[in-house]
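One structure below.
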Amino acid sequence: MQSNRRVFLKGSLAASAVGVAVGAGLLTPRAAFAAWPEAAYKAKSMGDALTAAMGAGSAADSADVTVKAPDIAENGAVVPVTVEGKGAAEAVAILVEGNEMPLVCNYNLTGAAAYLSTRIKMGKTSNVVGVVKAGGKLLQAKKEVKVTIGGCGG
């Protein structure tokens, strides 16, 4: 019993000390921000998003890029998507044509394999576009994903 009381008292004392230090301004949280293209994520069109994120407003369709996603997504909040390109890439991005702000994610790579797998949010049935920047060129592939509401068909 005594050891539990001591542990509780030590923990309370430590938490109180940290609280006092924060209150006195001795410990202040620092904001850490990643370098990200704000204009690209706020863009309302696909061309503007690509220009801000990758430096060019359009991408050419290519068989070297593949987009894997379900044909029907029962929950638009978590749609699994994989974008893969052949060879090394400078950047990989995922865009959704039907979203209010189409750019979902953008990763700058340094000669790494063009492979990205994540879960995205989709507001409605639309094309998911995977864009790979390789050799200064933008290559893309599209896949239509039907988003059902409440899992009741598209």
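Computed from heavy atoms alone, side chains included, the values below leave out hydrogens, waters and symmetry copies.
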Atom pairs and distances, side-chain donor-acceptor, residues 81-110, under 3.5 Å, sequence neighbours left out:
unit_1, atom_1, unit_2, atom_2, d
T82, OG1, S117, OG, 3.2
E90, OE2, G135, N, 3.1
E90, OE2, G136, N, 3.0
E97, OE1, N127, ND2, 3.1
E97, OE2, K142, NZ, 3.2
N99, OD1, G123, N, 3.1
N99, ND2, K121, O, 3.1
E100, OE2, K44, NZ, 3.0

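A distance of 7.5 Å separates CG of L50 from CD of Q140, quoted to the nearest 0.5 Å. To the nearest 0.5 Å, the span separating CG on L138 from OG on S62 amounts to 11.5 Å.
The heavy-atom pair separating G57 from T51 by the smallest distance is CA-OG1, 3.1 Å. Annotation for P70 and P80: closest pair CD-O, 3.3 Å, computed over non-hydrogen atoms. Closest approach of G130 to V67, counting heavy atoms only: N-CG2, 3.6 Å.
Residues passing the salt bridge (charged side-chain N to carboxylate O under 4.0 Å, His left out) test with K124: none are found, sequence neighbours excluded.
Side-chain N or O atoms of T125 include one that pairs as donor or acceptor with a backbone N or O of V147 at under 3.5 Å.
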